[in-house]
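These numbers were taken from a predicted model, which means no experiment stands behind them.
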Amino acid sequence: MKKTVIFGTLTVAGLVAGAAAAGTLEDVQARGKLNCGVTTGLVGFAAPDANGEWNGFDVAVCRAVAAAVLGDPQAVEFIPTTGKTRFTALASGEIDLLARNTTWTFSRDVDLKFDFVGVNYYDGQGFMVPKELGVSSAKDLDGATVCIQTGTTTELNLADFFRANNISYEPVPIETNAEGQQQYLAGACDTYTTDASGLASTRATFETPGDHVLLPEIISKEPLGPLVRHGDNEWGDVVRWTLNALIAAEELGVTSANAEEMAGNTNNPEVARLLGTEGNLGEMLGLEAGWAKDAILAEGNYGEIFAKNIGEETPIGLARGLNAQWTDGGLLYSPPFR
């Protein structure tokens, strides 16, 4: 049953303690379904297809958690949230987990009483403009109208960037990415700004993507990741180590295609612990021994999920960059499974 929620930081903080006290892991297992908060629609990250089936990079995290906890990657209800509603939905208990390209910041972690369980995409804020505008740098946008999602770090970064460069802008407030796309294509704003990955995703849906340019400036650090409520450490551990399992699996060569075989035939002790054929890591989490294997089988390891949804062979065309494994010069690094 959905609760009536009053917006405001104090209210969000107050809701957290009560929502977390019940024990989210037990709630999800009793319900037989994970309630996962996602974006209202961002192709490649989280969007329903023509049949209403949700797909995307963030969606895969939700399905991996459902597989780890319930043994079924389809046991998820996807709940669309906006920049404004996402935090109250999590704090109130309407959702168990928020996987919605959300930036890990100090105030969200501390003041809003949430726990970010890790980073699943290292991003930064950028700008998209029509090629015909003839702009080659964000510093040339003095006096521009800017489509900007309210209730986001993007809004604050935008103000900082223009102030630091002593240029002005006129904000065009939007609630969702779909609205931002509509307003931008209608000419209501000169530029659309959000995370660079989101801009690439949005541009990929245009009839003529080549008519639009992503400017070179990246004006912020945007570590995006799933988050849960403060005060429920057991649930936080489950989500954190499910994400780590996907990252570690790629590093260790475990894929959706070979996980079953490797579970019964590996000489690597860490692979055996990860896949549940050695040790008792699942028991420590309150899950079955094969929890991580089930998570990997859901939609693959981190690399498989990236390549399928947003990689260079997709219309979105994102390179791994900072999101490569640490062994390949990126920032992806899972603590050891031992």
From [X] [atom1] over to [Y] [atom2], what is the distance, rounded to the nearest 0.5 angstrom?
{"X": "Ile167", "Y": "Asp140", "atom1": "CD1", "atom2": "CG", "answer": "8.0 Å"}
{"X": "Leu224", "Y": "Asn101", "atom1": "CG", "atom2": "CG", "answer": "6.0 Å"}
{"X": "Phe162", "Y": "Ile219", "atom1": "CZ", "atom2": "CD1", "answer": "8.0 Å"}
{"X": "Leu281", "Y": "Leu287", "atom1": "CG", "atom2": "CG", "answer": "11.0 Å"}
{"X": "Asn301", "Y": "Ile247", "atom1": "CG", "atom2": "CD1", "answer": "10.5 Å"}

(request) Cation-pi check, Arg229 to Phe114: give yes when NZ or CZ is under 6.0 Å from the six-membered ring centre and within 45° of the ring axis, no otherwise. (result)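 That pair does not qualify as a cation-pi contact.
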(request) Could you give me the CA-CA distance, side-chain angles and deciding distance for Glu304 and Thr255, then say whether side chain to side chain contact (heavy atoms under 4.5 Å, CB included) is met? (result) CA-CA 8 Å; Glu304 291 178 277; Thr255 70; 3.5 Å; yes
Side-chain donor/acceptor of [X] to backbone N/O of [Y], under 3.5 Å:
{"X": "Thr154", "Y": "Thr194", "value": "no"}
{"X": "Asn258", "Y": "Gly253", "value": "yes"}
{"X": "Ser201", "Y": "Ser197", "value": "no"}
{"X": "Glu278", "Y": "Ala272", "value": "no"}
{"X": "Arg108", "Y": "Thr103", "value": "yes"}
{"X": "Asn280", "Y": "Glu283", "value": "no"}
{"X": "Glu179", "Y": "Glu175", "value": "yes"}
{"X": "Asn120", "Y": "Gly118", "value": "no"}
{"X": "Asp328", "Y": "Gly330", "value": "no"}
{"X": "Arg273", "Y": "Phe337", "value": "yes"}

Is there a path of hydrophobic side-chain contacts, each under 4.5 Å between heavy atoms, that joins [X] and [Y]?
{"X": "Tyr122", "Y": "Leu243", "result": "yes"}
{"X": "Ile305", "Y": "Val119", "result": "yes"}
{"X": "Leu322", "Y": "Ile310", "result": "yes"}
{"X": "Leu158", "Y": "Leu199", "result": "no"}
{"X": "Phe45", "Y": "Val117", "result": "yes"}

Search all heavy atoms of [X] against all heavy atoms of [Y] and return the closest pair with its distance.
{"X": "Ala64", "Y": "Leu246", "answer": "CB-CD1, 4.0 Å"}
{"X": "Leu70", "Y": "Gln29", "answer": "CD2-CA, 3.8 Å"}
{"X": "Leu275", "Y": "Ala263", "answer": "CD1-N, 3.6 Å"}
{"X": "Ala67", "Y": "Ala298", "answer": "CB-CB, 4.1 Å"}
{"X": "Pro226", "Y": "Val61", "answer": "CG-CG1, 4.1 Å"}
{"X": "Ala196", "Y": "Ile218", "answer": "CB-CD1, 3.9 Å"}

(request) Walk me through it: do Glu94 and Asn35 pass the test side chain to side chain contact (heavy atoms under 4.5 Å, CB included)? (result) CA-CA 7 Å; Glu94 180 183 356; Asn35 292 330; over 6 Å; no
Hey, are [Y] and [X] close enough side-chain-wise for a donor-acceptor pair under 3.5 Å?
{"X": "Asn165", "Y": "Asp142", "value": "no"}
{"X": "Thr85", "Y": "Thr82", "value": "yes"}
{"X": "Asp58", "Y": "Thr39", "value": "no"}
{"X": "Thr176", "Y": "Gln149", "value": "no"}
{"X": "Glu251", "Y": "Thr327", "value": "no"}
{"X": "Gln125", "Y": "Asn157", "value": "yes"}
{"X": "Asp109", "Y": "Trp104", "value": "yes"}

(message) Apply side-chain hydrogen bond (donor to acceptor under 3.5 Å, both in side chains) to residues Thr202 and Asn177 and explain how you reach the verdict.
(response) CA-CA 8 Å; Thr202 299; Asn177 185 68; 3.1 Å; yes
(request) Apply side chain to side chain contact (heavy atoms under 4.5 Å, CB included) to Ile174 and Ile148, showing your working. (result) CA-CA 6 Å; Ile174 57 171; Ile148 178 77; 5.7 Å; no
(request) Just say parallel, tilted or perpendicular for the rings of Phe206 and Tyr184, cut-offs at 30° and 60°. (result)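 The rings of Phe206 and Tyr184 lie parallel, inter-plane angle below 30°.
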Identify whether the distance between the nearest side-chain nitrogen and carboxylate oxygen of [X] and [Y] falls below 4.0 Å.
{"X": "Lys293", "Y": "Glu260", "answer": "yes"}
{"X": "Glu299", "Y": "Lys308", "answer": "yes"}
{"X": "Arg163", "Y": "Asp160", "answer": "no"}
{"X": "Arg240", "Y": "Glu234", "answer": "no"}
{"X": "Asp96", "Y": "Arg31", "answer": "yes"}

(request) Go through the steps for Glu155 and Lys84 under the test salt bridge (charged side-chain N to carboxylate O under 4.0 Å, His left out), then give the verdict. (result) CA-CA 12 Å; Glu155 197 172 19; Lys84 284 186 174 180; over 6 Å; no
(message) Going by side chain to side chain contact (heavy atoms under 4.5 Å, CB included), Leu133 matches just one of Thr191, Asp190, Val213. Which one?
(response)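 Of Thr191, Asp190, Val213, side chain to side chain contact (heavy atoms under 4.5 Å, CB included) with Leu133 is met by Asp190 alone.
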(message) Tell me if the CD atom of Gln74 is crowded by more than 12 foreign heavy atoms within 6.0 Å.
(response)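 Counting other residues, nucleotides and ligands, CD of Gln74 exceeds 12 neighbours.
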(message) For Glu288, is the CD atom crowded, meaning more than 12 foreign heavy atoms sit under 6.0 Å from it?
(response)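 Result for CD/Glu288: open.
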(message) Filter on disulfide (SG to SG under 2.5 Å), then keep only pairs touching residues 155-266, sequence neighbours left out; what's left?
(response)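 Residue pairs with at least one partner in residues 155-266: Cys147-Cys189.
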(request) For the pair Cys36 and Ile95, evaluate side chain to side chain contact (heavy atoms under 4.5 Å, CB included) and give the outcome as yes or no after the intermediate values. (result) CA-CA 6 Å; Cys36 201; Ile95 58 177; over 6 Å; no
(message) Just checking Phe57 against Tyr302, ring centres under 6.0 Å apart?
(response)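 Close enough - the centres of the two rings lie under 6.0 Å apart.
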(request) Would you please name every residue forming a salt bridge (charged side-chain N to carboxylate O under 4.0 Å, His left out) with Arg86, sequence neighbours left out? (result)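 Scan of Arg86 (salt bridge (charged side-chain N to carboxylate O under 4.0 Å, His left out), adjacent residues dropped) gives none.
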(request) Before giving the answer on side-chain hydrogen bond (donor to acceptor under 3.5 Å, both in side chains), spell out for Glu222 and Thr153 the whole-Å C-alpha distance, their side-chain angles and the decisive distance to 0.1 Å. (result) CA-CA 9 Å; Glu222 305 292 333; Thr153 56; 3.1 Å; yes
(message) Please enumerate all residues that pass ring pair (Phe, Tyr, Trp, His ring centres under 6.0 Å) together with Phe127, with sequence neighbours excluded.
(response)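 Residues passing ring pair (Phe, Tyr, Trp, His ring centres under 6.0 Å) with Phe127: Phe161.
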